[in-house]
Amino acid sequence: MVALLFLFPQFNYTAPKEEVHFKILGPEDLQAPTMKDNSSRQKDKERKSRLSLFLTKSGSHENVSPNKKTNTTTNISPETALQWSDSFEELLKHSDGVESFSQFLRTEFSEENIEFWLACEEYKTIDSDTKRLSKAKCIYTVYIDSDAPKEINIDYNTKAAIQKVIAKPTQSCFEDAQLIVYSLMKKDSYPRFLHSDIYLRLTRRKGPGSNMFRRRSRSCVFNDRGEATTKPSAW
């Protein structure tokens with residue numbers, strides 16, 4: 001009797017079985033895409049902040065940076081500070097006046113206005129087309145764009161007009177926006193600055209022992225008839 005042996009290679013039971021792996025997704029895995037998006041947004045903010053810092057350092061008005069903090073109270077005479085109250089234009093003529101005004105705007109969280117105005121003043125002096133394009137893009141990214149880190153308050157039409165020409169900026173493409181910001185500072189911020197502690201200390205009108213005028217003290221004296229009278233002293 002002949003025994004037949006049939007071989008079926010597909011049923012090789014001696015071969016190792018493939019193991020099935022299951023991975024349980026944790027909260028950190030589910031949040032990975034969101035964290036990636038947040039990281040990307042954070043990088044964008046950091047990039048814009050670097051642009052803002054670069055723009056502030058590269059632009060100046062008589063070598064004055066709005067972010068530069070100096071002890072102006074010891075360097076500015078009261079007579080000089082009093083000249084700034086003549087007009088807003090007079091204030092902007094003095095580098096110390098611009099610096100003091102910038103310090104005041106920082107207390108009101110509106111320093112972007114003077115920084116933008118200074119950047120526009122610097123921009124108008126650029127003659128090179130290449131440098132003008134680079135500067136215009138920086139100004140737009142930092143102050144004009146909807147996601148700008150220091151967005152200024154201008155109307156839609158003015159912003160749209162800048163957007164149309166930003167690819168080929170002209171020397172006057174920011175003039176309308178600069179005029180709006182200038183008027184806002186002159187009518188709103190400048191009057192408050194003249195009544196602020198920062199300005200009053202510069203003019204010696206506020207602070208301990210710094211009053212511009214002192215009240216005279218009075219002493220009591222007696223005349224020939226024995227009547228008490230008051231007489232202002234030398235102080």
Side-chain angles (χ1 to χ4, degrees), residues 33-69 88-89 91-95 97-190 192-193:
T34 304
M35 294 175 63
K36 185 177 181 180
D37 293 340
N38 293 337
S39 177
S40 178
R41 293 177 182 175
Q42 183 65 27
K43 289 181 179 179
D44 290 339
K45 290 182 179 180
E46 292 177 356
R47 178 178 59 84
K48 291 179 179 179
S49 297
R50 288 195 297 268
L51 281 174
S52 174
L53 180 61
F54 169 77
L55 183 62
T56 302
K57 289 184 177 180
S58 61
S60 64
H61 182 73
E62 298 183 9
N63 296 325
V64 173
S65 170
N67 288 335
K68 179 183 177 183
K69 296 182 179 180
F88 186 53
E89 292 77 10
L91 169 71
L92 296 179
K93 290 179 182 178
H94 298 264
S95 59
V98 175
E99 174 64 29
S100 300
F101 186 62
S102 300
Q103 291 183 14
F104 167 72
L105 292 182
R106 281 195 287 270
T107 65
E108 293 197 336
F109 304 98
S110 59
E111 66 273 15
E112 69 275 1
N113 291 327
I114 189 64
E115 291 179 7
F116 172 73
W117 186 85
L118 291 172
C120 290
E121 289 295 291
E122 178 73 14
Y123 173 80
K124 289 186 290 187
T125 64
I126 298 177
D127 296 327
S128 171
D129 293 338
T130 303
K131 292 182 179 180
R132 182 184 297 117
L133 176 61
S134 177
K135 188 75 170 183
K137 289 183 177 180
C138 284
I139 293 176
Y140 180 83
T141 302
V142 175
Y143 300 107
I144 307 297
D145 191 21
S146 299
D147 296 327
K150 297 184 178 181
E151 185 180 5
I152 57 174
N153 186 17
I154 57 177
D155 59 274
Y156 172 80
N157 292 332
T158 302
K159 180 180 291 188
I162 297 174
Q163 290 175 340
K164 290 180 180 179
V165 300
I166 196 61
K168 295 182 178 180
T170 62
Q171 194 174 27
S172 60
C173 63
F174 294 110
E175 280 190 355
D176 290 341
Q178 186 183 16
L179 181 60
I180 293 174
V181 171
Y182 177 88
S183 300
L184 179 63
M185 291 190 297
K186 181 178 181 178
K187 297 178 180 179
D188 187 32
S189 302
Y190 175 64
R192 291 201 302 273
F193 167 72

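Because the structure is a prediction, the values reported are computed rather than measured.
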More than 12 non-hydrogen atoms from neighbouring residues, nucleotides or ligands closer than 6.0 Å to CG on Asn153, yes or no? no
Is a side-chain donor or acceptor of Ser100 paired with a backbone partner of Gly97 at a separation under 3.5 angstrom? no
Side-chain heavy atoms of Asn157 within contact of Asp176, under 4.5 Å: no
Please round to the nearest 0.5 Å and tell me the distance separating atom CD of Gln178 and atom CD of Glu121. 5.0 Å
Measuring from Ile180:CD1 to Phe116:CZ, what's the distance to the nearest 0.5 Å? 9.0 Å
Look at the aromatic rings of Tyr190 and Phe101 and report parallel, tilted or perpendicular, splitting at 30° and 60°. perpendicular
In this structure, CD of Glu122 is separated from NZ of Lys135 (nearest 0.5 Å) by 5.0 Å
Nearest heavy-atom approach of Ile144 to Ala148 is N-CB, 4.1 Å
Taking only residues two or more places apart in sequence or in another chain, which ones pass salt bridge (Lys or Arg N to Asp or Glu O under 4.0 Å) with Asp129? Arg132
Donor-acceptor under 3.5 Å (Thr141 side chain, Cys138 main chain): no
Closest non-hydrogen atom pair, Leu133 against Ala167: CD1-O, 3.5 Å
Working to the nearest 0.5 angstrom, can you tell me the gap between Gln163 CD and Asp145 CG? 7.5 Å
Are any non-hydrogen side-chain atoms of Val181 and Tyr143 less than 4.5 angstrom apart? no
Measure the shortest side-chain to side-chain distance between Phe174 and Ile166 over non-hydrogen atoms and say whether it is less than 4.5 angstrom. yes
Taking the side chain as every heavy atom from C-beta outward, state whether Met185 and Phe88 have any pair of such atoms under 4.5 Å apart. yes
Report yes if some heavy atom in the side chain of Tyr182 is under 4.5 Å from a heavy atom in the side chain of Leu92; otherwise report no. yes
Would you give the length of the straight line joining atom CD of Glu108 to atom CG of Asp188, rounded to the nearest 0.5 angstrom? 7.5 Å
In this structure, are over 12 heavy atoms from other groups packed under 6.0 Å from Lys131 atom NZ? no
Can you check whether Cys173 reaches Ile162 side chain to side chain, under 4.5 Å on heavy atoms? no
First locate atom OG of Ser102, then atom CG of Leu118, and finally report the distance between them rounded to the nearest 0.5 Å. 6.0 Å
Evaluate the side chain to side chain donor-acceptor pair (under 3.5 Å) criterion for residues Glu175 and Tyr123: first the C-alpha distance (whole Å), next the side-chain angles of each, then the deciding distance (0.1 Å), finally the verdict. CA-CA 10 Å; Glu175 280 190 355; Tyr123 173 80; over 6 Å; no
Shortest non-hydrogen contact from Ser146 toward Lys159: OG-NZ, 4.1 Å
side-chain contact (heavy atoms from CB on, under 4.5 Å) filter on Ser183, not counting sequence neighbours, yields Leu179
Phe193 and Leu105, any side-chain heavy atoms less than 4.5 Å apart: no
Can a salt bridge be assigned to the pair Glu89 and Lys186 using a cut-off of 4.0 Å between side-chain N and carboxylate O? yes
